[in-house]
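Taking it in order: structure first as structure tokens, then the write-up.
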Amino acid sequence: MIYDFNRIEAKWQKYWAENQTFKAENNSSKEKFYVLDMFPYPSGAGLHVGHPLGYIASDIYARYKRHKGFNVLHPMGYDSFGLPAEQYAIQTGQHPRNTTEINIEGCLDDRGNILSKYVNEDGSIKNQALIEKNKSTSINDENYRDNIIKGYRRQLDKIGFSFDWSREVRTSNPKYYKWTQWIFIQLFNSWYNIDLDKAEDIQTLITAFEKEGNSTINAVCDENTEAFSSEDWNAYSYKEQQEILLQYRLTYLAETEVNWCPALGTVLANDEIVNGVSERGGHPVVRKKMTQWSMRITAYAQRLLDGLDKVDWPQPLKDSQTNWIGRSEGATAEFGIRNSEFRISVFTTRPDTIFGVSFMTLAPEHELVSRITTADQKAEVEAYVEATAKRSERDRMADVKTITGVFTGAFAEHPFTKEPIPIWIGDYVLAGYGTGAVMSVPCGDQRDYDFAKHFNIPIPNIFEGVDISEVAFADKATTVIGNSDFLNGLSYKKAVKRAIFELEQLGRGEGKINYRLRDAVFSRQRYWGEPFPVYYVDGMPQMIDAAHLPIELPDVEKYLPTETGEPPLGNATTWAWDTKNNKVVSNDLVTLSAVEGSNKDNGIYPLELNTMPGWAGSSQYFNRYMDSGNTDEIFSQEAINYWQDVDLYIGGNEHATGHLLYSRFWQKFMFDKGLVPKDEYAKKLINQGMITGTSAFVYREVGTKIFVTKGLVDDFSNPEKFESALIKIVEATGLGKQTYAFNPIHADVSLVNSSDELDIEGFKNWQTDYADARFILEDGKYIVKREVEKMSKSKYNVVSPDSICEEYGADSLRLYEMFLGPLEQSKPWNTAGITGTHSFLKKLWRLYLDENGAKFNDAEPTKDNLKTLHKTIKKVEEDIEHFSFNTSVSTFMICVNELSAQKCASRAILEPLAILVSSYAPHIAEELWEQLGYKESIARALFPKFDASHLVESSKQYPISFNGKMRFTLELPLEMSKEEIEATVMAHEKTQKQLQGRTPKKVIVVPGKIVNIVG
RNA sequence: GCUCGAGUGGUGGAAUUGGUAGACACGUUGGACUUAAAAUCCAAUGGACAUUAGUCCGUACGGGUUCAAGUCCCGUCUCGAGUACCA
């Protein structure tokens, strides 16, 4: 029997699907283990070999845990809302629902033939089925399958993952987003109680307001919330009460400064902006005030920080979350303004330097700017504010060195000295951080120092024995305060304490912890996202009762904003909520009477036009998997209490401050609500590294179609070899030039073999432009230049897992992806190396079977057989536990090499070996298992037990080194004592030869390890 | 600028608490089989000199600790990732 991997893999993939081999049970006496992958966004381009890396690792781990007797939950789904499907919809009018479905399910049937619904009558393939939409292909074309969307599911299935597909979720499926909407409602109906440090039902807040107003309530709320008494509260209208409650709810509607991306027509969260432009598309972003839904994630800032200590996540990831949350300790201080009742509140981490203040700076957007500016400064200030508002985020970031600012004409008053302090505005002060205002202490802060120098503002020195004539002094450790009244002579720490104490005495400030983290904007002006379960009565948002969820995304004519600038849902004609019949009805039924208290009120109100952001659906999917079919609850308490949390989460590090922060926030909220038993949902997280491509370049002589092999180009640029290279080139081209210029051009990597040799005929056929190309060779070959780059279509270095599975099999692919290197590390893909793991599998196969069938027998295993097996068991087990998958693959190779050399055919060895291999190469393992006579899948066979007794050695090859350099080895019995070893080694002729008559100063003997002779 | 991470053969990478550097694989070279190719198998493969056993140099660079350093300590360089006026 030969190793027919295509047949074997198809057979077992079918078997697993039909037998639901990997279905996890929610009721089990076994111990649970939850292995989770970050679910993919299904794009039409499909998978390249870099994508499944993490999935293969997690799959190996999941399979291993099954062998170890665990009940393993290993689900998969799709993060299927998102921009690309919507952009495609805008261009073509295709409903994103349809394109998303195609991207997941593909356009091929089980036999690999295109489904008839995607073929036109003339045999041409419908555009929506094609990967490249501008291409046209017909089913008569030989390679038409290469151009059509295969579908994520089909591609994943080919790799042989042990997912429990019965639990699949798609974030764009109403049955799923019902629960996203449901959580949104729970957040809306909650507030954050600081005293209890947890979220509570909004009703408890209302009760408190009714009894005592808000002055005794310690809650997280908007900055500008005003105090009121119980009498005030009870006298407020319903609408006024609702407006106040919005200032406390964990998700709330408020006018906020947002990042507006005109090109995408939507707002973006901070983590969706990279280097001042949108993460998707790279479009400019500007600041703009808009009424938006926000999530009060800031309430959880401290707990999000503290929680990081409890989880086993990579340090760089924890660091970036810590930086993103940006905790800093300091104080607020209030400065009065002369001739005005206004006060400016500032946040500072250096209250000890308060006597060094020589000016104040407000952000240009600060609300007091327009109120305090004097008449003669008005024009200048307004011009500056306007100019800053126009600058995009990117421009502002681009020149941080230019110092700009304007004097407002107003003066503040120092809380202690009562001295006047000029108030400036400057764009180095950010509106969004702290209070948007700073007390500028030029002697202690470099930015304030630079600003003061630039505008000739005095720089008083409040540090003892420090020269500030050139730069500000910011070293806290050596700070001694001077010229500062009651702070004189104090160190940084003591001065901070004292300054805060004095501020509190004056009622002008207090100690404060500030976070960089902002509340998260939760509205997007897009179509392809979760609709909000919200309608508006008299402009106030109302939640739809959870019983009527999901509120399904309405169909629209076009996916662009409306003419009046409303989000795409503004195009929907059936998008109003009938509160009497609890259903979505035509917009026409919304009457002007839809105002509270009107007797013409028909109970039909407009629905929210924004949709939720991309991270909404991914913030709770890991819990939903536990009970994804549940239609009554987000998950049953039985399910969540059994599965608890994720034991291993594998995914890319690009989600560090997005998904991984938001999902922790929702988890903590659900924990507060008693819905989940753990306030951190993933115990261990691993970021898999990126797989890069190995691009191939050909050198084209500029302006010609002559391609010169790498060696000759290298010689040409080498002064020593230049002459001979030039002669060769002149001869070959017949051009007779003195100077040649070569342009490296990407060639498709599939045209290059393992020795970097170009398939010239293939290259000519690849693009019509090259059909008449000429090649100048070395040793009869055209050698390409190789370079590691990111995998991308435009670089022609993309390798798809399908073609690898086709040619070498999924098991070879799985092994090779692991063999490339450590999981967390980024590494280049080079298809050439896959022959290594592929021939390993063939060798493994030949250990069990040959052309006559079974080779295995019931012979007693030899000592060597057992030793090989057990050292493999030990190493593989340790490697998997440490996520060191690359070294296990080597271990398997060594094992098979040894057993082949030992001509081992013993069942007692080959059976456990099949189980060891099965997590990595499940298809071949299943087939061998069946050949061995088993009727059940190998998936739940118990992992072989390691027996150390087989590894006990009686002797050791001791390395004998002289002054630390190993010179020879000597086999000695392990029971030999230190003294005996020393005596034997010293007596050895090779030792004497090394010493050449010298007497060693010292002989180090570490029994079982090494002998080192010094001197 | 700041914060992390990483530098080992031609290539991907091994090296468990400091103890035989380069496992395993790719590639390369030579050989067997074949009309030939593929596949398979065997041998060599860090560098230099000697080529028969031998010697020296080698884990980015410069120091240090130690009987012994890829591994620990100090300094320098290079590359990668994240972040960026955060008061």
Side-chain angles (χ1 to χ4, degrees), chain A residues 274-276 314-320 322-324 326-328 330 346-350 353 361 363 396-397 399-401 403 426-430 432-441 444-448 450-451 514-517 653-654 656-657 687 689-690 694 753-756 786 788 815-816 819-822 824-837 839-840 842-843 846 875 878-879 882 884 886-894 897 957-969 993 1000-1006 1008-1015:
Chain A
V274 178
N275 295 329
Q315 197 55 43
L317 196 156
K318 288 187 183 183
D319 289 346
S320 51
T322 305
N323 291 337
W324 194 262
R327 182 187 202 268
S328 54
V346 299
F347 173 74
T348 176
T349 55
R350 296 295 303 272
T353 64
T361 318
R396 247 175 105 154
M397 284 171 60
D399 72 342
V400 292
K401 293 201 180 81
I403 296 164
D427 71 357
Y428 81 96
V429 178
L430 304 176
Y433 183 76
T435 60
V438 300
M439 56 174 225
S440 303
V441 182
D445 181 287
Q446 195 57 44
R447 289 155 306 169
D448 295 344
D450 295 340
F451 194 89
N514 197 49
Y515 299 92
R516 200 186 74 124
L517 184 71
N653 60 4
E654 67 273 21
T657 51
N687 288 132
M690 201 181 33
T694 311
N753 77 4
S754 55
S755 312
D756 295 345
R786 307 222 76 160
V788 171
L815 283 168
Y816 187 54
F819 188 64
L820 281 178
E824 300 91 330
Q825 205 167 293
S826 147
K827 56 235 158 188
W829 177 269
N830 193 346
T831 305
I834 201 169
T835 54
T837 55
S839 57
F840 157 73
K842 286 197 270 191
K843 275 190 222 168
R846 281 200 303 274
K875 177 81 171 121
E878 283 169 1
D879 283 347
H882 293 118
S884 175
N886 55 323
T887 47
S888 327
V889 180
S890 316
T891 304
F892 288 136
M893 290 174 172
I894 294 166
N897 288 347
Q957 284 280 347
Y958 276 93
I960 313 298
S961 23
F962 292 80
N963 296 320
K965 281 174 194 152
M966 205 280 286
R967 284 289 116 104
F968 60 93
T969 59
K993 197 180 163 202
K1001 284 193 204 122
K1002 208 172 178 185
V1003 178
I1004 311 270
V1005 177
V1006 184
K1009 284 248 154 111
I1010 199 169
V1011 177
N1012 191 12
I1013 297 160
V1014 188

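This is a predicted model, so every value here is computed, not measured. Here is the naming used below: chain letters follow the sequence lines, and residue numbers restart at 1 for every chain.
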**Asked** Between U40(B), C86(B), C67(B), which nucleotide gets closest to the side-chain atoms of Arg447(A)?
**Response** C86(B)

**Asked** Checking all strands, does Thr835(A) fall into the base, sugar-phosphate, or nothing category for heavy-atom contacts under 4.0 angstrom?
**Response** sugar-phosphate

**Request:** Measure from the side-chain heavy atoms of Tyr428(A) and tell me the nearest of G12(B), C85(B), C26(B).
**Result:** C85(B)

**Message:** Mind checking if Arg327(A) touches a base, just sugar-phosphate, or nothing, with heavy atoms under 4.0 Å?
**Reply:** nothing

**Out of C24(B), A84(B), C41(B), whichever nucleotide has its closest atom nearest the side chain of Asn897(A)** = C24(B)

**Nearest to side-chain heavy atoms of Lys842(A), which nucleotide of U20(B), A23(B), U40(B)** = U40(B)

**Asked** When you match Asp319(A) and Glu878(A) each to their closest nucleotide on RNA chain B, which lands nearer the 5' end?
**Response** Asp319(A)

**Request:** Using Watson-Crick or G-U wobble pairs with both distances under 3.5 Å, give me RNA chain B in dot-bracket, 5' to 3', with [ ] for crossers and | for pairs to another strand.
**Result:** (((((((..(((......[....)))((((((.......))))))((((....))))..(((((..]....))))))))))))....

**Request:** Go through Arg967(A) and Ile960(A) one step at a time and tell me if the side chain to side chain contact (heavy atoms under 4.5 Å, CB included) criterion holds.
**Result:** CA-CA 6 Å; Arg967(A) 284 289 116 104; Ile960(A) 313 298; 6.0 Å; no

**Message:** Once you apply a heavy-atom cut-off of 4.0 Å, does Thr969(A) come out as touching a base, just sugar-phosphate, or nothing?
**Reply:** base

**Prompt:** For the residue pair Ala363(A) and Val429(A), what are the closest heavy atoms and their distance?
**Reply:** CB-O, 3.4 Å

**Request:** Look at the side chain of Met966(A) and decide which nucleotide, out of A84(B), G12(B), A21(B), has an atom nearest to it.
**Result:** A21(B)

**Message:** Parallel, tilted or perpendicular, judged at 30° and 60°: which one describes the rings of Phe347(A) and Tyr433(A)?
**Reply:** perpendicular

**Message:** Taking salt bridge (charged side-chain N to carboxylate O under 4.0 Å, His left out) as the definition, give me every residue that meets it alongside Lys875(A), ordered by chain and number, with sequence neighbours left out.
**Reply:** Asp879(A)

**Asked** Using a cut-off of 4.0 Å on non-hydrogen atoms, how would the nucleic acid contact of Lys965(A) be classed: base, sugar-phosphate, or nothing?
**Response** sugar-phosphate

**Message:** Under 3.5 Å, is there a donor on one side chain and an acceptor on the other for Ser440(A) and Thr361(A)?
**Reply:** yes

**Request:** Select one nucleotide: of A87(B), C56(B), A23(B), the one nearest the side-chain heavy atoms of Tyr433(A).
**Result:** A87(B)

**Prompt:** Counting just side-chain N and O atoms, does Asn963(A) come under 4.0 Å of either OP1 or OP2 of C67(B)?
**Reply:** no

**Request:** Describe, in one word, how the ring planes of Phe892(A) and Phe840(A) are oriented to each other, choosing from parallel (under 30°), tilted (30 to 60°) and perpendicular (over 60°).
**Result:** parallel

**Asked** Hey, does Val1014(A) reach any base, or is it just sugar-phosphate, or nothing, if we go heavy atoms under 4.0 Å?
**Response** sugar-phosphate

**Prompt:** Heavy atoms under 4.0 Å, any strand shown: does Gln957(A) hit a base, just sugar-phosphate, or nothing?
**Reply:** base

**Request:** Starting from C1' on G10(B), measure out to CG on Asp756(A) and report it in whole angstrom.
**Result:** 10 Å

**Prompt:** Closest to the Arg516(A) side chain: A84(B), G13(B), C41(B)?
**Reply:** A84(B)

**Prompt:** Can you tell me how far P of G13(B) sits from CG of Asn830(A), to the nearest Å?
**Reply:** 12 Å

**Minimum-distance nucleotide (side-chain atoms of Lys1009(A) versus G19(B), G13(B), A84(B))** = G19(B)

**Request:** With the side chain of Lys843(A) defined as its heavy atoms from C-beta on, choose the nearest nucleotide among C85(B), C41(B), G12(B).
**Result:** C41(B)

**Asked** Where the side chain of Thr348(A) is concerned, which of A14(B), A87(B), A84(B) is the nearest nucleotide?
**Response** A87(B)

